Amino acid sequence: MAFGKGCHLHLIDGSAFIFRAYHALPPLTRKSDGLPIGAVSGFCNMLQKYVEGNAGGDVTHIAVIFDKGSHTFRNDMYDQYKANREAMPEDLRPQIPLTRQATEAFNIACKELEGYEADDMIATLACQAREAGGRVTIISSDKDLMQLVGDGVEMLDAMKNKRIDRDGVFEKFGVWPDRVVDVQALAGDSVDNVPGAPGIGIKTAALLINEYGTLEDLLDRAEEIKQPKRRQTLLDNRAQIELSKKLVQLDCETPLDFTLDDLEVKEPDPETLLSFLTEMEFRTLTKRIADALDVEPPVIPDTTPEGANPPENAAEAPPFESSAYECVRDMAALNRWIEKARTHGWVAVDTETTGLNEMRVDLVGISLCVEAGEACYIPLIHKEAGGDDLFGSDALAEGQMGVNEVLDALRPLLEDPAVMKIGQNMKYDAKILARHGVKIAPIDDTMLMSYAMNAGLHGHGMDALSERYLNHAPIPIKTLLGTGKSQKTFDLVPIDEATKYAAEDADITLRLWQIFKPQLHKARVTRVYERLERPLVPVLAEMEMAGIKVARDTLSRMSNAFSQKMAGLEAEIHELSGETFNVGSPKQLGEILFDKMGLEGGKKGKTGAYATGADVLEDLATEHELPRRVLDWRQLSKLKSTYTDALQEHINPETGRVHTSYVISGAATGRLASTDPNLQNIPVRSEEGRRIREAFVAEEGKVLVSLDYSQIELRILAHMADIDALKQAFRDGQDIHAMTASEMFNVPLDEMTPEVRRQAKAINFGVIYGISGFGLARNLRIPRAEAQGFIDRYFERFPGIRTYMDQTIAFAREHDRVETMFGRVIHTPEINAKGPRAGFAKRAAINAPIQGTAADIIRRAMIRMPDAIAGLPAKMLLQVHDELLFEVDKDAAEPLIDAARKVMENAADPVVHLDVPLVVDAGQGANWAEAH
DNA sequence: TGATTCACG
DNA sequence: GACGTACGTGAATCAG
């Protein structure tokens, strides 16, 4: 395309980029040979960020312009020009040619000219582009370039992401761009050693220029200046000022050996770019760019933990031999293991504790493994064998080192960035260790590796993985602890037994890691694992340890109120049924309703019991009073048993807070699951239930802040299925359900009734779930034919939805899996099954990419959140699928909302560009009910 | 231990 | 033509 009207040229000041990169970054060196590459790395990062930021923009032409040589025509005019510049730092010099290579690798034109400064080339190009009728953006913050601004030329400070237009220039110089040189000529520039007029700065210069029009007029009429000192300075220094103007005046006539047309934007060649980055050994950037280009990142050979790769021959691992495990009882032995871990660069770690509640249990021992079959156990607080149960003997068994002693010795290893720590469900161990002041990092997690590769195929617990991938059934914990009431804790297990069990766990973990690590690439889920799974571990560990304050007395009051109401309802129910029975027993209730009272519509399930679910009772409620009472009773029973009662037992006596646990690999779609207690299903839909949220409170002087994505799954559907009408509605900020209703039923928006809107809303949700006429009919309580009619109409109006569904199912049928927009893989093993199971699988396959993409987005937000709110007195406490809950000092609530909202709304960038905006709603209050 | 029910997104 | 039918979770409870 020839450059002309409608074109947009971006000119990057390469030298400025390099210096900024150099000063912004610590002195990094290339691992393999120590070559300094900090500036190159920063340069590439900035370039990448810049390219990403402009993806989909209107840039048509681009070039990075470099200075070349130190002698320019300005030195001929004035030998002191830029004379007092500091020499280029030694470690920057070799990086200069590399930044040129980098630019070329990005397939961006890279230009320089002997004897000219980059500024002159930029000026020339800008002038040419302007004359051709195009627009220009100069990426630089160099004030010397500001004289070019105007008539379609703008500057952009890439670091501050601030555009500088004519007004911006005026702000800086006090004159419009065409007089900037005059001001600079007067004011001079100490950095470039431009002399100017002594004693006159930018302020005074602007004042004078504005009064006299131009520099030339000013100098000619210098006699008229009222202030004697100023007048004299100008008269005395006329020659110097005129020279200064020549020095700062950019040359728009630079002889270029290329034209604007040569600068047309070109897509980078993935291979060229990635091979350059690989050569530089930029791991993070290589992955990021591979992501952006949607190719699997190349493997960078490495000796550091990030890429610590197990031996290729892991399959030839020795058989399990529990008697070979070592029990570490003294410092000398421990140090030998630490040394082994260091020489390998990795170590599998497993902690044994007195229970499963990470916030309360004690650390009993630690096992380590460095090679298959080579593992040890470090017992810490095992109790004396044969201890008197009656008196609960507390005596420690012989031959154990102290907990602090051992952790002090292990801490440098566990925190060493050069040693990879491998675990199965590392969040657990990380929390235990964090309670002892050890911040374990970096980590790999075999559970998460399995999850990234095999979600939907099987579970990811260690026992299942060991049997499946190592063909080895681990020692069941039951054989050590027993079961039921007589179950004991791990500290009561004899040390020799514990050694076999614990060391085996570390051994298994290491072997799994050796198998999984190389598989990640082949399964094309490396970036899912490294960017969506692993980084979540420390974030969730922090949230879980922070916990949320729960007001026990509030819950307990509610509990009592519920009890009373339930007793009343129970009496009425017994009265109505004519006998006393267990209202909580669906079986008894079914018999009362359908056998004794003879109500219609009794259906027996596969166990032969009548169904008495809420939907059944709801239907019966029109016939009889009893079902309504049972529904009310059940609601209260649920609230009391699951929430007001159970929640109190989860309040940690030490912290006064409730600490949930998130299961990263819980849901196949990428969603988190919350357990012990589940804080993702605290009531909100019913008025009565919502009040339970009043018991979730902020600490004194703080507030709870809730931010939630508005309609995130529908937005993702609109994008993925590419439905223009829906996308436009979201862009316009319309009520999406009303808009759907309007489209479907031909009702103008201003005549929309709540009932019609409600129906459209049900359909919108139904679509996400893989709708059926039957299901919609049941949900809306309308005849099935009518529901089917709605669905047909919906697909007629939004045919893209049908296409999306068909394509998704076809993909699943072919590959036995579906994927989210971020590359998360969800296996659909039943998609080709026969019978009703195929229906389930189909609907799950339709839903998974949508639900999963939403899950990926909030994960990305959570991973970025700690940095984004680092300066605020705030903590992220809970995640509820599309909501994040924070606790923050009262006066910092607004800044927190601003910061967190920004992260959430931009969480898809830069890997995925959504055609619809993500919108986040926020609220705050003393408790969760108020904040939501 | 499995089925049922119901809380959430 | 029949069959079964909205996606993803966790916890409490009953009953065998």
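Since we're looking at a predicted model, the values are computed, not measured. Residue numbers begin at 1 in each chain, while the letters A, B, ... track the order of the sequences.
- Dashed line: the shortest gap from a side-chain N or O of A/R685 to OP1 or OP2 of B/dG9 is under 4.0 Å.
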Which letters describe nucleotides 11-16 of chain C, given B = protein heavy atom under 4.0 Å from base, S = only from sugar-phosphate, - = neither?
BSSSSS
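- Here A/V663 lies out of heavy-atom contact (under 4.0 Å) with every strand.
- Here the P atom of nucleotide C/dT9 and the CD atom of A/Q851 are 7 Å apart, to the nearest Å.
- The residue A/G613 sits close only to the backbone: its heavy atoms come under 4.0 Å of sugar-phosphate atoms, none of a base.
- One finds no salt bridge joining A/R793 and A/E743 here, because no Lys/Arg side-chain nitrogen approaches an Asp/Glu carboxylate oxygen to under 4.0 Å.
- Rounded to a whole angstrom, the distance from the P atom of C/dC3 to that of B/dA7 is 32 Å.
- With respect to the salt-bridge test (charged N to carboxylate O, under 4.0 angstrom), the residues A/R781 and A/E618 do not qualify.
- As judged by a 4.0 angstrom heavy-atom cut-off over every strand, A/I846 is placed among residues making no nucleic acid contact.
- Using a 4.0 Å heavy-atom criterion, one finds that A/I768 contacts no nucleic acid atom at all.
- Ion pairing of A/E544 with A/K427 is present here, as a side-chain N (NZ or NE/NH1/NH2) and a carboxylate O approach within less than 4.0 Å.
- Between the P atom of B/dG9 and the OH atom of A/Y769 lies a distance of 10 Å, rounded to the nearest Å.
- Closest to the A/V880 side chain, of the nucleotides B/dA7, C/dA6, B/dG9, is B/dG9.
- The neighbour count for A/E600 CD, taken as heavy atoms of other residues, nucleotides or ligands under 6.0 Å away, does not exceed 12.
- If you check B/dC6, C/dA6, B/dA7 against the side chain of A/Q635, the one that comes closest is B/dA7.
- Within 4.0 Å (heavy atoms only), A/A838 reaches no atom of the nucleic acid at all.
- The residue A/R634 sits close only to the backbone: its heavy atoms come under 4.0 Å of sugar-phosphate atoms, none of a base.
- If you check every strand for non-hydrogen atoms under 4.0 Å, A/A854 touches nothing.
- Whole-Å rounding puts the A/D882 CG to C/dT9 P distance at 16 Å.
- There is a side-chain donor-acceptor pair under 3.5 Å between A/D595 and A/Y610.
- Put simply, the side chain of A/R693 gets close to the backbone of A/P683: a donor and an acceptor are under 3.5 Å apart.
- We find the CG-CZ distance between A/L569 and A/F562 to be 12.0 Å, quoted to the nearest 0.5 Å.
- Counting non-hydrogen atoms under 4.0 angstrom, A/R843 reaches the backbone sugars and phosphates but no base.
- In the interface, the side chain of A/R784 is paired with the base of C/dT5 through a donor and an acceptor atom under 3.5 Å apart.
- Using a 4.0 Å heavy-atom criterion, one finds that A/A668 contacts the sugar-phosphate atoms exclusively.
- A cation-pi geometry, defined here as NZ or CZ lying under 6.0 Å from the six-membered ring centre and within 45° of its normal, does not hold between A/R531 and A/Y529.
- Across all strands, A/E883 comes closer than 4.0 Å to no nucleic acid atom at all (heavy-atom distances).
- Taking atom P in both B/dC6 and C/dA6, one finds a spacing of 15 Å when rounded to whole Å.
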